[in-house]
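Below is one structure, written out as C-alpha cells; the observations come after it.
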Amino acid sequence: MAVAVFGCVSTCYGVDMSTFIDQLMAKMTLGEKIGQLNLVSSWGFRSAMKQNSKEENLSMVRNGEIGAFYGFKDVAEMTRLQKMAVEKGKTHIPYFFGMDVIHGFETTFPIPLALSTSWDLPMIEQSARIAAKEAKALGVSWVFSPMVDICRDARWGRIAEGAGEDPYLGGEIAKAYVKGYEGEGVMTCVKHFALYGGAEAGRDYNTVSMSRLDMMNGYMRPYQEAIKAGASSFMTALNEFEGIPATCNRYLLHDLLRSSWGFKGFVVTDATAIQEIQNHGLGDLQQASALALKAGVDMDMNSNGFVGTLKKSLAEGRVTMQEIDQACRRILEAKYKLGLFDNPYRFLDPTQKAKCVYTKETRAFAQKAAQECQVLLKNEDHLLPLSKNAKIALIGPLGNRGDDMQGTWSVSSHQNETVTILQGIKEALSPKGSVTYCEGSWLVEDSVLEQKLRTNILGFLIPNYKPEAVHQRPLQEMIDEAVNTARNADVVVAALGESSTMNGEGASRSDITIPQPQRQLLEALYNTGKPIVLLLSTGRPLALEWENTHLPAILCTWALGDQAGHAIADILFGDVSPSAKLTTSFPRSVGQCPIYYNHMNTGRPWPDDKTYQKFTSCYIDVLNSPLYPFGYGLSYTTFSYGKMRLDHNTMSEDGEIKVSVDVTNSGSMDADEVVQLYIRDLVASVSRTVKELKDFQRVSLKAGETKTVTFTINAEKLKFYNSNLKWVCEPGDFQVMVGPNCRDVQTETFTME
C-alpha cells in the first residue's frame, strides 16, 4: 500500500531508510517532530497516576502531538486513529501501538518469575512468539517486555515480572524473550534501564544505591544480552542512580547503553517518568524534559513534557535542534522497520483474531508451560503425588479464584475462563475420588487492605465496576468450617499465599510470610492431624520457616495463567513430575533480605549452615543460609550424579576445559533435571563472589536412564569487570562446581595460566 507523506507518494522500500527519513524530516515542522516523541495511553487504560482523557488525546491527535499510543486492544478504534493520522493528518505519519504484554496477551502464561523456574529457554521463547502473534492480531506491534531487572530482595513486588537474582540466567532468558517477540515481527521494549530491581528496602520506585562495579558484575548482563538478541527499544527505570534519575541519567543512557554497548534503537520513558524527575529535585517539567532529551530519551510516556516544553527549551538554548532531530529520527526509523510507511494497517486486520488468538493450541501450550513452572519444595514420605481415588479437602481463599491464577499484569479478556484449582482437581479425579472446597479464611487481616487488593485493577478500566465485598463472615467461623471439612477427608490441599494484586507493580511487602488469617487457618488444619499439601500461590519468594517445619509437602505454584488448575492437577496427581528449580533464594526470615546466592565473601566468614558464633558474619537468631537455595527443586523421581570429570586441570586464555558428569534417573518415573555449573574465582584483582552460575542444561531422563552432561569452560566464562570497569579474564586458580542447585555441588579446581 502506498502512503502519502506530505503529498508525495512513497512505497517506502523504494529508497533506503536513511534517505526516506531525510526526505520526510526535511518537510516536518518543529512541532511535528516533537509530536513524534510523545507517547500516551488509551483513555480506557491506566498504568500510572496520570492519564489523558479521550478528549485531550483526540485534540492532540488533531494537532499532530502524538507519535504512538499504548493500552488499546480494540482494532476498530486503533484503525480509526490510524486513519486520522495517515489520511487526515498533515504529515500522514502512522502510529505504532504498544501494550504491556508481560506473560502472554490473550492466552496468559505463568508469570515471568514462574517461567524462569523452568530453565527451559525454547519454551520461554515460544511463549513470547505466541504472545507476539496474538498481539499482532489485535493491532499491537510494540510489547513492553521483557522485564530483565535482576532482583535480590523478595520484598519488591516486581520480582514477579523478572527472571530472579542471577545475571547469567537472566541474560539467557532475556535473549529468549527478545528472539521470540522480534522473530514474530513485533518490537520489544526491554525494561527497566537500569537497576530498578535494586530498589532499597524492596520498596517500589525507591532509590538505588550501589557501586558501578557491583552494577556491572551483578545486574547489567541481561540488558546487554537483550541488545545482542536484537531488541528494538529500551524503557527507562523509575529509580535514581548515583543521585540522577535513570530517565535523565546520561551515563546510563548515552555513555553505557549507546556509546559502550552500541544500542541503535530508541529509548522510551516509563509512565510519567519525566514528570517524576521533579520529585527527585532536579527542576520543573521544562528542566526535567530537557535533561531527559539530552541524556538520550527519545519518547516521553504520559508526562506531556516534550510536547509541552521542548519548543521553549530550544528557543532558550537548553536543548539543540540536533537532539530533537535525533530523537525524531529514531522513532521514524522504528516505524519504517515495522513497515508502517508501506502499510499503516498491516497490524490492523480484524480477520486475524480468529486465526491465532486464544486458540485450543495456545491454551494447550499454556498448560504445558505451567507444568514446567511448579517447584516442589518439600515432599516428606512421598505424600505427593496424590491418588486420584482420594477424598480431598481443598481449602483456602485461592482455591477457586481464576483471577488470582492469572497473576500480575494480565491483560487478557478471557480471565473469567481461567481454570481454577478446584476445577482442575475435579476434572482430574477418578469416579472414586472426591473434592470438597471451602474458602477457610480471609485473604489478609485488614479488611480495608483486602478491599483495596480486591479492587486494585491494573490495566483496563472496567465501566461500572462494583468492588466485591470482603470479610463478610467471621474468621473463626470460616476456620471452623474448614476444620470440619478437613476431618472428613483423606488429605488436605491448602491453596494459600498471595492474590494476584499482592505482588507486581506498586505491591511491595515488608512482611513476606503467608498472611496472618491464612496462617491461623493452616495451624488449625495442622492440628487435625490430617496430611497437608500446601499449594503456594505467590509472585515472590516467601518466608516459610513454620510451613517447612510442620507440613509434609509444599508445592510452589506461583501464578500459572489460563490453565493453572489443569497444570496443578497434572503435578498433584503425578501425570507429570515437577522439574522446576528456583531462580530466587527463599529466605528463612524477612530480616535476611536482600538474600542471594552469588554474594561476596566477608573477612570473617561463617558457614551458612552453622549457628551463631560471635565475631563472625552471622545472625544470632537464624542461619545465614536461605530456607531453599537458588537452583533448588525436588522431583517425584531421584537423580544421582556421578563423579565430575575435567579433561584438563589447566587452560590457556584461548583454550578450554570440558567438564562432564553422568546423571542418572535412579527413580521409577520419567522426568527432567536441570544440571547446573558454577565457578568461583579464588584470587583476583577485586573481590569475587563465592560462586556464579555459568552454564546449565535441562535434560530429560527416562526411569533408569543415564546421560553424560558436558559443559565447556573457556575464557569468556571466567571474565568479569575489574575496578576499572574493564571486561577481563585474569589468570589464576578457579573452582568449578556441578550439581542440582547452588548448595549441593561437587567441586574440582583448575588453573588458567
Less than 6.0 angstrom separating the ring centers of Tyr596 and Phe630, yes or no?
no
Result block: side-chain N/O donor-acceptor pairs under 3.5 angstrom for residues 196-203, not counting sequence neighbours:
from   : atom 1 : to     : atom 2 : distance (Å)
Tyr196 : OH     : Asp204 : OD1    : 2.6
Arg203 : NH2    : Asn206 : OD1    : 3.3

Please report the closest heavy-atom contact between Val297 and Ala327, naming both atoms and the distance.
O-CB, 4.3 Å
Stepwise side-chain hydrogen bond (donor to acceptor under 3.5 Å, both in side chains) check, Gln406 with Ser500:
CA-CA 7 Å; Gln406 286 280 310; Ser500 61; over 6 Å; no
Can you see whether Phe105 has Lys73 sitting over its ring - NZ or CZ less than 6.0 Å from the centre and within 45° of the normal?
yes
For Lys294, is there any backbone N or O sitting under 3.5 Å from a side-chain donor or acceptor partner on His254?
no
In terms of side-chain geometry, is the basic nitrogen of Arg688 or Glu692 positioned less than 4.0 Å from the acidic oxygen of its partner?
yes
For the residue pair Tyr70 and Phe144, categorise the inter-ring angle as parallel (less than 30°), tilted (30 to 60°) or perpendicular (more than 60°).
tilted
Kindly give the heavy-atom pair with the smallest separation between Asn503 and Thr538, and that separation in Å.
ND2-C, 4.1 Å
For Lys264 and Glu333, what are the C-alpha separation, side-chain angles and deciding distance, and is it a salt bridge (Lys or Arg N to Asp or Glu O under 4.0 Å)?
CA-CA 10 Å; Lys264 303 299 183 185; Glu333 285 176 350; over 6 Å; no
Could you tell me whether the side chain of Ser232 and the main chain of Met187 form a donor-acceptor pair under 3.5 Å?
no
Those residues that, when tested against Trp558, pass ring-ring contact (aromatic ring centres under 6.0 Å, His included) (two or more places apart)
none
Quick one: does NZ or CZ of Lys726 land under 6.0 Å from the six-membered ring centre of Tyr721, within 45 degrees of the ring axis?
no
Test salt bridge (Lys or Arg N to Asp or Glu O under 4.0 Å) applied to Asp298 - qualifying residues, sequence neighbours left out
Arg258, Arg330
Ignoring hydrogens and geometry, is there a side-chain-to-backbone donor-acceptor pair from Asn302 to Ala271 under 3.5 Å?
no
Can you sort out the partners of His280 under side chain to side chain donor-acceptor pair (under 3.5 Å), two or more places apart, ordered by chain and number?
none
If the condition is ring-ring contact (aromatic ring centres under 6.0 Å, His included), which residues does Tyr181 pass it with, not counting sequence neighbours?
none
For Phe347, which residues count as a ring-ring contact (aromatic ring centres under 6.0 Å, His included) partner, sequence neighbours excluded?
none
Residues in side chain to side chain donor-acceptor pair (under 3.5 Å) with Asp403, at least two apart?
Arg401
With sequence neighbours excluded, tell me which residues meet salt bridge (Lys or Arg N to Asp or Glu O under 4.0 Å) with Glu165.
none
May I have all residue pairs that pass salt bridge (Lys or Arg N to Asp or Glu O under 4.0 Å) and include part of residues 167-176, sequence neighbours excluded?
Glu172-Lys175, Glu172-Arg221, Lys175-Glu225
Side-chain touch Cys248/Ile244, heavy atoms, less than 4.5 angstrom
yes
Scan for salt bridge (Lys or Arg N to Asp or Glu O under 4.0 Å) pairs involving residues 308-319, sequence neighbours excluded, and state none if there are none.
Glu316-Arg318
Establish, for the pair Arg212 and Tyr251, whether the NZ or CZ atom is under 6.0 angstrom from the six-membered ring centre and no further than 45 degrees off its axis.
yes
Member of Phe96, Phe72, Phe97, Tyr95 meeting the ring-ring contact (aromatic ring centres under 6.0 Å, His included) criterion with Trp142
Phe96
Got a salt bridge between Asp100 and Lys191, using NZ or NE/NH1/NH2 to carboxylate O under 4.0 Å?
yes
Side chain to side chain donor-acceptor pair (under 3.5 Å) involving Lys33 - partner list, sequence neighbours excluded:
Asp325
Spell out, as yes or no, whether a donor-acceptor pair under 3.5 Å connects the side chain of Asn304 to the backbone of Gly308.
no
May I ask you to decide if Gln592's main-chain N or O and Ser589's side chain share a donor-acceptor pair within less than 3.5 Å?
no
Residues which pass side chain to side chain donor-acceptor pair (under 3.5 Å) with Ser141, listed by chain and number, not counting sequence neighbours:
none
Could Asp153 and Arg155 be called an ion pair, given the rule that one side-chain N must be under 4.0 Å from one carboxylate O?
yes
Candidate list Pro541, Pro626, Cys151, test side-chain contact (heavy atoms from CB on, under 4.5 Å), partner Thr584, passing option:
Pro541
Measure the shortest side-chain to side-chain distance between Ile324 and Ile34 over non-hydrogen atoms and say whether it is less than 4.5 angstrom.
yes
Kindly say whether the aromatic ring centers of Phe234 and Phe263 come within a distance under 6.0 Å.
yes
